[in-house]
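To start, the structure under review is shown below, and the notes come after it.
Proteins get letters first, then strands, A, B, ... in listed order; numbering begins at 1 in each.
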Amino acid sequence: MPELPEVETIARGVNLRVRGDRIVEVWFGGKREPFKTPAARQAKGLEGRSILEVHRTGKHIVCELGAAADRPLDQRGGSPLVECASEPSAQWIVHLGMTGRLLVTTPDAPVAPHTHARVSLMSGRELRFVDPRRFGRLEFRELSRNTGFLAPGADPLSVTAAEFARLFHGRRLAIKAALLNQKILSGVGNIYADESLFRAGIRPRRLAGRLSRAELEGLRLALGEVLRDAIRLGGSSVSDYVDAEGARGFFQLEHCVYQRTGLPCLRCQTPIRRLVLAGRGTHYCPQCQR
DNA sequence: CATTTCACCTGGTGGC
DNA sequence: TGCCACCAGGTGAAAT
């Protein structure tokens with residue numbers, strides 16, 4: 001479901017509402033566990049910890065966690081503000097899969113179907129993970145035993161022209177498939193792959209390694225623009241995406257090709273075509289994209 | 001090794 | 001109304 005702009009919107013919203021708060025209790029439900037870390041170990045690790053900051057890397061939401069309240073941290077007499085400046089000692093990593101939501105609610109808000117995690121906070125708020133298709137994943141990691149989590153690929157918002165060109169050099173797969181590969185770039189999914197290729201005027205089936213330097217640079221700039229525009233509009237709500245408060249995004253109104261099969265291209269009126277590439281529905285304008 | 005296909009899940013939609 | 005096929009924002013394991 002959510003790609004970079006949606007995950008960024010959710011992470012910002014959650015950060016605004018829970019930063020500096022403390023986890024009191026954690027509940028995990030559901031038959032099979034959509035968890036990378038077993039639920040019991042995850043709950044034990046989370047309970048009592050402060051939330052220092054929530055941010056995004058790739059399509060992952062990372063909650064930076066401080067020490068648990070009953071540990072010797074208090075001996076330093078640290079106020080919450082001091083604590084926020086301290087180093088994180090653990091992380092809670094949320095991947096939303098296709099249909100995952102991370103919501104900040106009040107404890108008495110109706111519990112949606114497919115709610116797999118409820119995290120109650122000292123402020124009285126609650127953080128909820130809801131995911132009908134259960135493709136999402138929750139992971140807890142101690143930073144004493146692991147390094148901080150970093151998405152495997154380059155960040156599409158800050159990648160340089162030289163690095164972008166190097167990432168696709170010599171690759172014999174379709175450029176659309178390459179854009180979707182999270183080990184190359186982290187954060188691009190089906191919507192923004194199609195939309196950026198349209199804006200760059202490149203056909204999705206072109207081989208990545210055959211694109212000219214100029215085409216690659218055009219694609220890098222188009223991708224950055226699309227992602228930034230989408231973040232500005234709170235992401236794309238195609239069916240059920242909502243932010244941390246349950247509000248929909250508006251970038252779906254700006255889509256030029258995604259899910260517009262048969263409709264006239266907004267630039268040249270040619271009907272938009274659909275094909276399946278890398279197992280994903282792929283939309284493009286046969287006239288504008290070469 | 002690089003690339004492609006498919007299984008993993010539930011729910012919504014549109015055709016008959 | 002019911003049934004069925006198909007579609008969906010993602011990802012890693014298995015196959016090629």
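- A:Y258 comes within contact range of the sugar-phosphate backbone alone, with a heavy-atom separation under 4.0 Å but no base atom that close.
- Atom CZ of A:R171 and atom P of B:dA2 are 7 Å apart (whole Å).
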Below 3.5 Å is the cut-off: list the nitrogen or oxygen pairs between protein and nucleotides 11-16 of chain C, distance only.
{"residue": "C:dT11", "atom": "OP1", "partner": "A:H95", "partner atom": "NE2", "Å": "2.8"}
{"residue": "C:dT11", "atom": "OP2", "partner": "A:K59", "partner atom": "NZ", "Å": "2.9"}

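- The side-chain heavy atoms of A:C256 and A:C265, taken from C-beta on, include no pair separated by under 4.5 Å.
- When distances are taken from the side chain of A:R134 to each of C:dG10, B:dT4, B:dC9, the shortest belongs to B:dC9.
- Residues A:V24 and A:L121 approach most closely at CG2-C, 3.7 Å, considering heavy atoms.
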Restricting to nitrogen or oxygen on both sides, can you table the protein-nucleotides 11-16 of chain B pairs closer than 3.5 Å?
{"residue": "B:dG11", "atom": "OP1", "partner": "A:H114", "partner atom": "NE2", "Å": "2.7"}

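- Taking the six-membered ring for Trp and the full ring otherwise, A:F149 and A:H60 have centroids separated by under 6.0 Å.
- Taking atom P in both C:dT11 and B:dC1, the straight-line distance is 22 Å, to the nearest Å.
- For the residue pair A:S123 / A:D21, a side-chain donor-acceptor distance below 3.5 Å is found, with atom types taken as modelled.
- Side-chain atoms of A:W92 and A:E64 form no donor-acceptor pair, as typed in the model, at a separation below 3.5 Å.
- Checked against B:dC9, C:dA8, C:dG10, the side chain of A:R274 finds its nearest nucleotide in C:dA8.
- Nucleotide B:dT4 holds its C1' atom 14 Å from the CD1 atom of A:I184, rounded to whole Å.
- A straight line from CG of A:D131 to C1' of C:dA8 spans 13 Å, rounded to a whole angstrom.
- Under the 4.0 Å criterion applied to side-chain N and carboxylate O atoms, A:E142 and A:R145 are not assigned as salt-bridge partners.
- For the pair A:Q252 CD and C:dA8 P, the computed distance is 17 Å after rounding to whole Å.
- Nucleic acid contact for A:G189: sugar-phosphate only, since backbone atoms but no base atoms lie under 4.0 Å from a heavy atom of the residue.
- Residues A:Y192 and A:S236 have side chains that bring a donor and an acceptor to within less than 3.5 angstrom of each other.
- Atom CG of A:D194 is separated from atom C1' of C:dA8 by 13 Å (rounded to the nearest Å).
- One can place CD of A:Q259 at 7 Å from C1' of C:dA8, the figure rounded to the nearest angstrom.
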Using a 3.5 Å limit on both pairing distances, list the dot-bracket string of DNA chain C from the 5' end; Watson-Crick and G-U wobble pairs count, crossing pairs take [ ], interstrand pairs take |.
.|||||||.|||||||

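- Checked for salt-bridge contact, A:R166 and A:E163 meet the test: a charged N lies under 4.0 Å from a carboxylate O.
- Under the 4.0 Å criterion applied to side-chain N and carboxylate O atoms, A:R141 and A:E139 are assigned as salt-bridge partners.
- Between the side chains of A:H283 and A:D194, at least one donor-acceptor pair of N or O atoms lies under 3.5 Å.
- Put simply, NZ on A:K176 is 17 Å from P on B:dT3, counting in whole angstrom units.
- Remark: A:R267 qualifies as a cation-pi partner of A:F198 under the 6.0 Å distance and 45° angle criteria applied to the six-membered ring.
- Distance CG (A:D240) to P (B:dC9): 19 Å, rounded to an integer number of Å.
- Between the side chains of A:T105 and A:R128, at least one donor N or O lies within less than 3.5 Å of an accepting N or O.
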